[in-house]
Amino acid sequence: SIYLSLLYVVFGSSKHAAPGAFAIIAMMVGTVVEDVITASTEVGVVPHQDEAFCCSPKGGGGNNSNEALDVVMSVTLLVGVWQIIFGLLNAGILAVWLSEYLVKGLMGGAAIHVVTSQIKSMTGLKNLPGTSEPFGLITFYACLTQQVTSINHHVLIISIASLAMLLISAYIFDPILKKWFATFKFPMELLLVIYGTVGMKLLNNTRWSLIEKVPVVGEVTFGLYSPRVPSMKNLSLMLGHSISIAIISFAIHIALAKLIAKQMQYQVNSNQEWFALGAMHFVSSFFGCFAGGSSLGRSLMQVKFGTHSQLSTLVAAVMLVIVVFGASKLIVTLPKAVLAAIVVVALKDLILTIFRSIRLVHLSVVDFLIYYVTFFAVIIINVNFGLIIGIAFALMTVVFRSQWPESTCVGRIPGTADFKGFGQYRKVEEINGMRVFRFDAPIYFSNAELFLHRLYQAVGVDPVEMHHELTNRELSEKTSKRTGADREDIKSQEEEKLLKEEDEPETMQLTHVIIDCSAIPYVDLMGKDAMVQASEEFEKVDITVFFSHCKVGVRQFLENTDFHKKVPKSRLFVKISDAVDQAMKEQTVEPESERRPHNFVSEKKQEPLKEEDDTQREDPTPEVKSKAPLTAILLPEAKTAIDKSFMKDERRKPSPAIEKTATEGTKSIGRPKKESSHTPQKKKEKKDTKKKK
């Protein structure tokens, strides 16, 4: 806590992080010490089976303090080296994976681990296992349940009294003093340390003496270790543990630093923190220090006391130097239960966040799941695996949301060039003969098929199925052998059907599909193939597909592939309105059966069509208005539907009106021209024309 604090003041970017000893990292280092010493001194020794699982040691060899110190220094040196390497690799960008609620879940789980580690000091129990290993908390509380009858009542009373006084100060004294002194906090922590130390000292050598019954801080070794180089024995056994400690130390530190920085409104440089932690671990390892990180309790206490810079950390380090050089005699009789109570109350806000986060289910189910998946993974397994599981789950939510994205048909707002989704605005109109489809996600390998399915569903036409039905119908008509009477019956049925269709409301044939690519950030090769497939499948049923508003990265990707060998560049447009103008021009200039792609002419430069003869003057082309057909078959979740039967039949056999219009040289939009009256003479003429056809 001395060397790490002094070095972080120089290299760190957080104003409130208090580096030093941290419970979770300390337990992880202790696990490495046990593993290395056990492996080097008593290889093959099996723990005694007759001891309780919560109290059984891993093995012998743990009493050699010099060897344990050498292992600690070696692990700390390796942790510093790894953190410096991660800083050189610009691994600070990995901090972006730590979303706000992942960080809160991680800190909540870490707070439970820290509180659990203080239970040993608050109950006076000695034979309790650590919690750093997988499922360590479950083992800890199982062992605590077995030994609940052995709790030291004197220690428990001191702990409860200390907790009560700290909570009274936080919720009663501080709000009152805040009205009079904005930055003043009631120093209950300092008073508890003084009262605890003085009280134990006064009771000593009396019949109420508690020195032998209550664990106290005791004597602190005078001075500091002289610098020396770690021996680095058993390096292979420490490499894996050191990487894990380096990552967890950074993850908890940056999570806490960002949490406080957001609250206090300043920025933290993630990459600089890698170097700061690496430098303080590397240098401090030569002075007998063990790996640490930002202490949750001390960091939150600095925020509580209103500090604004690392000067508070520097003052704390100086005070610790004074303590180890003689002032430690003043706190020899300080009960450990008082210190444990101070740590627990300092974490109360993180613990309360665990319960307050339940309201997230009403705001964002995804963030709610990220928080509690990370939290439960940390407390059930351990911090290492909990962090990995939390990051993996957060990334999976991104994949899932892009795999099942939103998609809709959009229409034009009257009088503007804006296109919005149906249901978002009341006055959105659909343009006759075309559908505009928007897909709100990248098109890549996992959702390429979904893109095609959503497109066919939104448009109301499945070109693959339609083409298959038309092909089967043509083959059946060629191979079927009918008698003359059968043919006459079929002709009479078709004539009756045609006369009925004359009186039925007309429907607009779908001629164009426009895909709005503005919400597609990127496309991979399978996504490109899906776009090509959509264009080719619709082309088989005489429906032209346009792509509009492609992002620069998407257009560059398509140009570097064979996309334009299958889809002409003339079918890509900058804006949806440009694609709509080109589609309306194609509808107006040529019948559907003779449509071909045209080069785009902007709306400002587009000239009116020239009149070629008197026939065109007498029979001008009907104006195509940007509104939904007055009579259309309703499709699910769409304003206008497509008459599939009309597309299937009329594509193969144009109506007499279209044939007559094409012969006279007039322009058509690909739908039967409706006569102004239905006299018997007119119907008879149409019937004769149908027979000739």
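Because the structure is predicted, anything quoted here is derived from the model rather than measured.
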Here the side chain to side chain donor-acceptor pair (under 3.5 Å) pairs for residues 115-126, sequence neighbours left out, are Thr116-Tyr141
How far does [atom1] of [X] sit from [atom2] of [Y], to the nearest 0.5 angstrom?
| X | Y | atom1 | atom2 | answer |
| --- | --- | --- | --- | --- |
| Ser231 | Asn66 | OG | CG | 11.0 Å |
| Leu239 | Asn234 | CG | CG | 11.0 Å |
| Leu256 | Leu106 | CG | CG | 10.0 Å |
| Ile112 | Ile379 | CD1 | CD1 | 6.5 Å |
| Leu339 | Leu192 | CG | CG | 10.0 Å |
| Leu156 | Ile151 | CG | CD1 | 6.0 Å |

Is the number of heavy atoms from other residues, nucleotides or ligands under 6.0 Å of [X] [atom1] greater than 12?
| X | atom1 | value |
| --- | --- | --- |
| Phe385 | CZ | no |
| Phe282 | CZ | no |
| Lys201 | NZ | no |
| Tyr195 | OH | no |
| Met232 | CE | yes |

Under 3.5 Å: donor-acceptor pair, side chain of [X], backbone of [Y]:
| X | Y | value |
| --- | --- | --- |
| Thr76 | Ala291 | yes |
| Ser309 | Leu311 | yes |
| Ser209 | Thr206 | no |
| Glu273 | Val268 | no |
| Gln310 | Ala17 | yes |
| Asn152 | Val214 | no |
| Ser294 | His253 | no |
| Ser284 | Tyr3 | no |
| Glu67 | Ile37 | no |
| Ser249 | Gly292 | yes |

Flag side-chain contact, heavy atom, 4.5 Å: [X] against [Y]:
| X | Y | answer |
| --- | --- | --- |
| Leu125 | Ser150 | yes |
| Trp97 | Leu102 | no |
| Lys336 | Val216 | no |
| Ile381 | Phe376 | no |
| His281 | Leu4 | yes |
| Ser169 | Met165 | no |
| Leu300 | Leu350 | yes |
| Met28 | Phe22 | no |

Evaluate Gln302 against Ser312 for side-chain hydrogen bond (donor to acceptor under 3.5 Å, both in side chains), listing each step before the verdict.
CA-CA 8 Å; Gln302 290 195 159; Ser312 58; 3.2 Å; yes
Closest non-hydrogen atom pair, [X] against [Y]:
| X | Y | value |
| --- | --- | --- |
| Thr313 | Ser5 | CG2-CB, 3.6 Å |
| Val378 | Ala110 | CG1-N, 3.9 Å |
| Leu314 | Val9 | N-CG2, 4.1 Å |
| Ile252 | Val383 | CD1-CG1, 4.0 Å |
| Leu166 | Ala341 | CD1-O, 3.6 Å |
| Asn271 | Gly92 | OD1-N, 3.1 Å |

Ring pair (Phe, Tyr, Trp, His ring centres under 6.0 Å) assessment of Tyr225 paired with Phe287
CA-CA 6 Å; Tyr225 289 109; Phe287 295 90; 10.0 Å; no
Result for side chain to side chain contact (heavy atoms under 4.5 Å, CB included) between Thr31 and one of Val29, Val33, Asp35 points to Asp35
Residue that, paired with Val79, satisfies side chain to side chain contact (heavy atoms under 4.5 Å, CB included) out of Ile245, Ile247, Ile25, Leu277:
Ile245
Applying salt bridge (Lys or Arg N to Asp or Glu O under 4.0 Å), name anything that partners Lys262, two or more places apart in sequence or on another chain.
Glu100
Partners of Asp70 by salt bridge (Lys or Arg N to Asp or Glu O under 4.0 Å), sequence neighbours excluded?
Arg228
I would like to know whether Tyr371 and Tyr101 meet ring pair (Phe, Tyr, Trp, His ring centres under 6.0 Å); could you show each step before the answer?
CA-CA 5 Å; Tyr371 180 93; Tyr101 293 100; 7.1 Å; no
Let's go through Thr374 and Phe393 carefully: what are the C-alpha distance in whole Å and the side-chain angles of both, what is the deciding distance for side-chain contact (heavy atoms from CB on, under 4.5 Å) to 0.1 Å, and is it a yes or a no?
CA-CA 8 Å; Thr374 306; Phe393 182 80; over 6 Å; no
Over 60° means perpendicular and under 30° means parallel, so classify the ring planes of Phe368 and Tyr372, tilted if in between.
tilted
Students often mix this up, so state it plainly: with edges at 30° and 60°, are the rings of His308 and His16 parallel, tilted or perpendicular?
perpendicular
Lys348 vs Leu167, test: side-chain contact (heavy atoms from CB on, under 4.5 Å). Steps then yes/no.
CA-CA 9 Å; Lys348 70 179 186 305; Leu167 292 175; 4.3 Å; yes
Ring centres under 6.0 Å, that's the criterion: do His113 and Phe140 meet it?
no
Taking the six-membered ring for Trp, are Phe250 and Phe86 ring centroids under 6.0 Å apart?
no
Take Ser1 and Arg298 through the side-chain contact (heavy atoms from CB on, under 4.5 Å) test and state the conclusion after the steps.
CA-CA 11 Å; Ser1 294; Arg298 287 185 288 114; 4.2 Å; yes
Going through the checks in order, is the side-chain contact (heavy atoms from CB on, under 4.5 Å) test met by Ser74 and Met238?
CA-CA 8 Å; Ser74 301; Met238 296 183 290; 3.7 Å; yes
